[in-house]
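Numbering of ligands and ligand atoms starts at 1, following listing order. The model shown is predicted, which means the values in this text are computed figures rather than measured ones. Residues take their numbers from the sequence shown, with the count starting at 1.
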Amino acid sequence: MSLPPVIAIDGPTASGKGTVASLVAQQLGFHYLDSGALYRLVALASAKQGVEVKNSTKLGFLVPKLLISFKNGQIFLDGEDVTDAIRTENIGLRASALAIYAEVRSALFDLQHSFRQTPGLVADGRDMASVIFPDAVLKVFLTATAAARAERRYKQLIAKGISARLKDLLQDLQERDARDSSRGTAPLLVADGAKVLEASNLTIDQAVKTVLDWYQSAIA
Ligand code: C5P
């Protein structure tokens, strides 16, 4: 029996891939995996437990013990709603610092695969197409300029009533891009066979439509 189809959407931070991926999933009635949330959950849990971000062995052991659940757009860790707590810049930076370790990445491997269920999955992250779902029927690399992404993140934070400085956000995301792209394990890259979607000047709807059109062509 063949496995359910996967659409893999990778890209740098704040490119809008989460929004696009979840809307594509909604339109197709597919499941959705926000793999970045898993790294953020490890970041939050390890911070709470006082595990140092450099202690890759302890981090690897911690992952299978986490009780993670996704329900109606909310994310729970050990029964606690952490939907907002994992979205801070600090947790994002910590997630990117611990995501360099093979111990952490391999501990999250099976969990990510468990999201692949009928009728299909849209998965977003950094290595969905290259490492986790290399047999994805459609691979998209969704990107935008650093300035456009910083502005997106700025507006998101302000809308949530969280104060932010555009200059700091730009610096943070450039730091995160550099680390995600240069790490030895599963670096952020345009996977073989991936289509690049430059979304700096696209609305969310236009980006969603492009991915849906590409998917229709891919399965035709
Ligand atoms: O996508 P998001 O910004 O939520 O991801 C947080 C961090 O988790 C990223 O900066 C990246 O370092 C890491 N990550 C990863 N592989 C993924 C998803 C996220 O290394 N598939």
A.B. asks: If the cut-off is 4.0 Å to any non-hydrogen atom of M128, which atoms of ligand 1 fall inside it?
C.D. replies: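 Atoms satisfying the 4.0 Å criterion: 21 (N).
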
A.B. asks: Think K195 forms a cation-pi with F141, using NZ or CZ under 6.0 Å from the six-ring centre and within 45 degrees of its axis?
C.D. replies: no

A.B. asks: How many angstroms lie between atom CG of D10 and atom CG of L142, to the nearest 0.5 angstrom?
C.D. replies: 10.0 Å

A.B. asks: If you take the nearest heavy atom of each of R179, R153, R176, which one is closest to atom 3 (O) of ligand 1?
C.D. replies: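 That would be R176.
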
A.B. asks: Hey, which atoms in ligand 1 end up nearer than 4.0 Å to a heavy atom of R40?
C.D. replies: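 Atoms satisfying the 4.0 Å criterion: 2 (P), 3 (O), 4 (O), 6 (C).
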
A.B. asks: Taking the basic N atoms (NZ, or NE/NH1/NH2) and the acidic carboxylate oxygens, is any pair closer than 4.0 Å for R126 and D177?
C.D. replies: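 Salt bridge: no.
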
A.B. asks: Taking NZ, NE, NH1 and NH2 as the nitrogens, is one of them in D213 or K209 under 4.0 Å from a carboxylate oxygen of the other?
C.D. replies: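 Yes.
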
A.B. asks: Before giving the answer on side chain to side chain contact (heavy atoms under 4.5 Å, CB included), spell out for L28 and I7 the whole-Å C-alpha distance, their side-chain angles and the decisive distance to 0.1 Å.
C.D. replies: CA-CA 11 Å; L28 295 171; I7 299 176; 3.6 Å; yes

A.B. asks: Is the shortest side-chain N to carboxylate O distance from D34 to R87 below 4.0 Å?
C.D. replies: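 Yes, charged N to carboxylate O under 4.0 Å.
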
A.B. asks: Salt-bridge test for E89 and R94: reply yes if a basic N is under 4.0 Å from a carboxylate O, no otherwise.
C.D. replies: no

A.B. asks: Do ligand 1 and D127 have nitrogen or oxygen atoms that lie under 3.5 Å from each other?
C.D. replies: yes

A.B. asks: By number and element, which atoms of ligand 1 are closer than 4.0 Å to a non-hydrogen atom of D180?
C.D. replies: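 Answer, ordered by atom number: 9 (C), 10 (O), 11 (C), 12 (O).
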
A.B. asks: How far is atom 7 (C) of ligand 1 from its nearest protein heavy atom, and which residue and atom is that?
C.D. replies: A95 CB, 3.9 Å

A.B. asks: With heavy atoms of T13 as the reference, note each atom of ligand 1 found under 4.0 Å away.
C.D. replies: 3 (O)

A.B. asks: Which residue from R105, R183, R126 reaches closest to atom 1 (O) of ligand 1 through any of its heavy atoms?
C.D. replies: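 When every heavy atom of R105, R183, R126 is considered, R126 comes closest to atom 1 (O) of ligand 1.
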
A.B. asks: Which of the atoms of ligand 1 are close to A99, meaning less than 4.0 Å from one of its heavy atoms?
C.D. replies: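 It comes down to these atoms of ligand 1: 12 (O), 13 (C), 20 (O).
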
A.B. asks: Find the distance between CG (D205) and OG1 (T19) and round it off to the nearest 0.5 Å.
C.D. replies: 11.5 Å

A.B. asks: Should we count CD of E52 as having more than 12 external heavy atoms under 6.0 Å?
C.D. replies: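 12 or below, so no.
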
A.B. asks: So, is S35 polar-close to ligand 1, with some N/O to N/O distance under 3.5 Å?
C.D. replies: yes

A.B. asks: For ligand 1, note which part of K17 has a heavy atom under 4.0 Å away: side chain, backbone, both or neither.
C.D. replies: side chain

A.B. asks: How far is atom 8 (O) of ligand 1 from its nearest protein heavy atom, and which residue and atom is that?
C.D. replies: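 For this ligand atom, the closest protein heavy atom is Y39 CB, 3.4 Å.
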
A.B. asks: Short list, please: which atoms of ligand 1 are under 4.0 Å from a heavy atom of G125?
C.D. replies: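 With G125 as reference, the close atoms of ligand 1 come out as 18 (C), 21 (N).
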
